[in-house]
Amino acid sequence: MLILNVMKKTLFVIIYFIVATNNLYSQRIVKIGAFNYYPAIFQDKDGEIKGFYVDAFHEIEVEENIQIQYVFGTWDEGLKHLQNDEIDMMVSVAYNDDRATYMDFCSTPLLTVWGEVYVNKSSEIDDILGLEGKTIAVMRSDVNGEQLKILTNKMSINCIFIEKPDFQYVFESIVSNEVDAGVVNNTFGAGKSEEYDIRTSGIVFNPFDIHLTVHKNKNAELLMLFEDYLKTWKYDVNSVYNTSRQKWSHGKVGAIQIIPKWLKNILISIIGITIILLVFIVLLRYRVKKATIKVKNGEKAYRDVVETTINLITVVDNEGRLIFTNHASLIFFGLPPNECIGKFAFDFVYPGDVEITQNAFAEWINSNDNIFYLENRQESISGNILDVAWNINIERKEGEIIKITSIGRDITEQKKVQKELLIAKEKAEESDRLKSAFLANMSHEIRTPMNSILGFSNRLKKPDLSQESRDTFISYIQNNGEILMKLVNDIIDISKIESTQFSVKKEMVLVNDIINELLVYYRSLKIKDKIYEFVLQVPPGTENMKIFADNVRLRQLLINLIDNAVNYGNNKVEFGYTLNDKNSIQFFVKDNGLGIPKDKFDIIFERFFKLDTIKNIGGKKGVGLGLSICKLIVENFNGEIWLESEIGTGTTFYFTIPLTEKI
């Protein structure tokens, strides 16, 4: 009987020891909200929850003897589950004041991300202005979508936003052409855009951190536990968090190792078997722990999207001092990132834009808004100047500025094209204005000599007309005919200029034959109400001067200039030529008229510009083509044309023709 009692007590002790040991190793269940956010966390085709979050959290399961259960749904459903205490923790949550009322946030972020707009590869959307009138898909309750709405509203860009349950549905709506564009954060976009065969538009905005969260004032010890692991993981390139993130982001998906759950409730029949089993469990758990900590060496370090984008990303403090730049600082600033730290961002702003940039910065600091847009010019230390469009996000906590993150995009080519289009538009408008004025004047210019020709022709029909009157009328008809012919020739020449058919034919020309002929011609003219003196000046010993030029065009050039001298001069015209260092012949035509203001020198050779439009300059009206034709002829001779003039003294026009050969 005594032996039986001893055996009962011994068996009781054994059973009690087994139960206590089992309780010692019992696992706490932690429920975490999951949604489709590839490659961080997502539901695979086999129904399993996977991603680099899951890989990393598995280490916590092993180390801390907890069991994680993932509750899958949409992003919006995950937030509601946390509010209703249906889960213990939610991942990838951006901080805002509303969420802070029912959530506590892990101070160490899971990731720093930003919003990015994706489009079909055939889309023409490549900047934020291209979103005008477009339909854009956003994830319900997502910070990225909300911030794009604010940004487009500030810039008066009208868009239609359609909400989707998660990022996957956003990409599917782009592929199906349901929408023109979609907003996701960069982590999901970089990992999935190739699979969906879509591209980024280059529109990036709103950098922010995403965190682990728990219900307000609950699970503080759980949040602290994950905080400790995140601090260790983030700064260890070989941690499970970083190596798994690299693996998933590059699509090199291997089998996820599942740590087996050991059967706890083992019936032990004898004390010896129970002791052996307990030792076995302890040893096995130790081996699993060591195997989990060990990771593969030699894998390539994960390259963050921050270091692959062509855009400049900077972080400054509330004084504008740089505390971070990505590799694009080499292009924008001319310095590597490590040499930029501590410098003021204003040091790299083009001097002409420093004031407006500093004023804008001061306005942002004192504003209640957090999202801003600015365009300015940046100048690198090598002097390279770029036009840059900035998207700025200010992160505040309890009213204090924590950091100011900016994304700068090079818009130099875009600005250049806009400027060229504006110049072309102004030139076209000016040309159109001048042509309109020219056409309006043409009816008068043609009608005047035509009326004279017709009038005097009718008067010639009178039978009793004296021979003297007949000769006078014929002279009038001839003079007006010549005026009309010159007008027609000018119109033909300017038409050739417009159609690029104007040309000169170079041949050997006797210069003195042309100018002596012109001297005889002009001295024979009877200029109404004026007695003109025409003086020819040529260097001695140049009686047989020859040059290669177009005989007809050279005559036309000299006649145009001499006619101007007659029309706008007083009573004397001098013309001729000199030799310039035996390299070129320099012609001149000089009058003694009222002169031309110096501020008109640059425009006097433009088409349709008329000398008689200059204030206080008299003379016979023209159509504004003669001098522009002169300039074109000289340029075809590979020469130059210019003028000198003094008000009240007169004007001298010069032009040169290179001396190809002197005989």
Side-chain angles (χ1 to χ4, degrees), residues 482 486 489 493 503-527 530-596 598 601 604-605 611 619 626-663:
E482 290 175 358
K486 185 178 186 307
N489 287 336
D493 282 342
S503 62
V504 297
K505 180 181 179 181
K506 293 184 180 180
E507 57 188 352
M508 193 69 72
V509 175
L510 289 168
V511 177
N512 289 335
D513 285 357
I514 295 176
I515 59 176
N516 284 323
E517 180 183 327
L518 293 177
L519 179 64
V520 172
Y521 168 74
Y522 278 102
R523 282 178 174 176
S524 68
L525 288 179
K526 294 181 180 180
I527 303 171
K530 287 186 180 181
I531 299 175
Y532 262 88
E533 178 185 358
F534 292 92
V535 178
L536 179 63
Q537 295 182 8
V538 298
T542 58
E543 293 79 5
N544 295 320
M545 172 62 64
K546 296 180 180 180
I547 61 173
F548 283 103
D550 188 314
N551 184 37
V552 175
R553 293 299 183 188
L554 181 56
R555 288 174 185 272
Q556 180 184 3
L557 177 56
L558 289 167
I559 289 171
N560 280 350
L561 294 177
I562 296 172
D563 282 350
N564 276 340
V566 172
N567 291 335
Y568 298 101
N570 190 3
N571 58 9
K572 183 179 180 180
V573 175
E574 299 177 43
F575 64 95
Y577 64 87
T578 60
L579 298 178
N580 290 340
D581 299 328
K582 300 182 180 181
N583 292 321
S584 65
I585 182 170
Q586 179 176 301
F587 292 89
F588 68 91
V589 177
K590 179 179 180 181
D591 67 57
N592 60 351
L594 295 177
I596 299 171
K598 293 187 184 303
F601 283 13
I604 200 166
F605 294 105
L611 286 172
L627 288 177
S628 64
I629 293 172
C630 288
K631 184 175 185 292
L632 184 66
I633 294 173
V634 172
E635 288 174 348
N636 274 269
F637 286 155
N638 297 320
E640 298 179 0
I641 186 169
W642 70 96
L643 75 151
E644 295 176 356
S645 184
E646 293 288 339
I647 299 298
T649 300
T651 301
T652 303
F653 282 89
Y654 299 92
F655 67 89
T656 62
I657 298 176
L659 281 176
T660 305
E661 182 177 348
K662 178 182 175 183
I663 299 177

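Since the structure is predicted, the reported quantities are computational estimates derived from the model, not experimental observations.
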Passing option when Asn564 is tested against Thr651, Asp591, Leu627, Val573 for side-chain contact (heavy atoms from CB on, under 4.5 Å): Leu627

Minimum heavy-atom distance between Tyr532 and Ala565, given as atom pair plus value: OH-O, 3.9 Å

Spatial distance of atom CD1 (Ile559) from atom CD1 (Ile514) [nearest 0.5 Å]: 9.5 Å

Taking every non-hydrogen atom, the tightest pair across Phe601 and Ile596: CE1-O, 3.5 Å

Which atom of Phe637 lies closest to which atom of Leu554, heavy atoms considered: CZ-N, 4.3 Å

For the student: nearest non-hydrogen atoms of Ile641 and Val634, plus distance: N-CG1, 4.0 Å

Closest approach of Gly595 to Ile647 (non-hydrogen atoms, all atoms of both residues): C-CD1, 3.8 Å

Distance (rounded to the nearest 0.5 Å) between Ile547 CD1 and Glu507 CD: 10.5 Å

4.5 Å side-chain heavy-atom contact, Arg555 and Val509: no

Parallel, tilted or perpendicular: rings of Phe588 and Tyr654 (30°, 60°): tilted

Straight-line distance of Asn636 CG to Lys505 NZ, nearest 0.5 Å: 15.0 Å

Steps toward side chain to side chain contact (heavy atoms under 4.5 Å, CB included) verdict (Tyr577, Thr542): CA-CA 10 Å; Tyr577 64 87; Thr542 58; 2.9 Å; yes

Check: Phe575 and Leu558 side chains under 4.5 Å, non-hydrogen atoms: no

Straight-line distance of Leu510 CG to Ile515 CD1, nearest 0.5 Å: 11.0 Å

Stepwise side chain to side chain contact (heavy atoms under 4.5 Å, CB included) test for Leu659 and Met545: CA-CA 10 Å; Leu659 281 176; Met545 172 62 64; 4.3 Å; yes

Spatial distance of atom CD1 (Ile585) from atom OG1 (Thr656) [nearest 0.5 Å]: 10.0 Å

Check: Ile633 and Phe655 side chains under 4.5 Å, non-hydrogen atoms: no

Ser584 side chain vs Leu579 backbone, donor-acceptor pair below 3.5 Å: no

Heavy-atom closest pair, residues Gln586 and Trp642: OE1-CH2, 3.7 Å

Atom pair CD1 (Ile657) and CG (Asp550), whose distance is rounded to the nearest 0.5 Å: 10.0 Å

Listed once per pair and sorted, the salt bridge (charged side-chain N to carboxylate O under 4.0 Å, His left out) pairs that draw on residues 631-645, sequence neighbours left out: Lys631-Glu635

Side-chain donor/acceptor of Tyr522 to backbone N/O of Phe534, under 3.5 Å: no

Donor-acceptor contact present, side-chain Asn512 to main-chain Glu543, <3.5 Å: yes

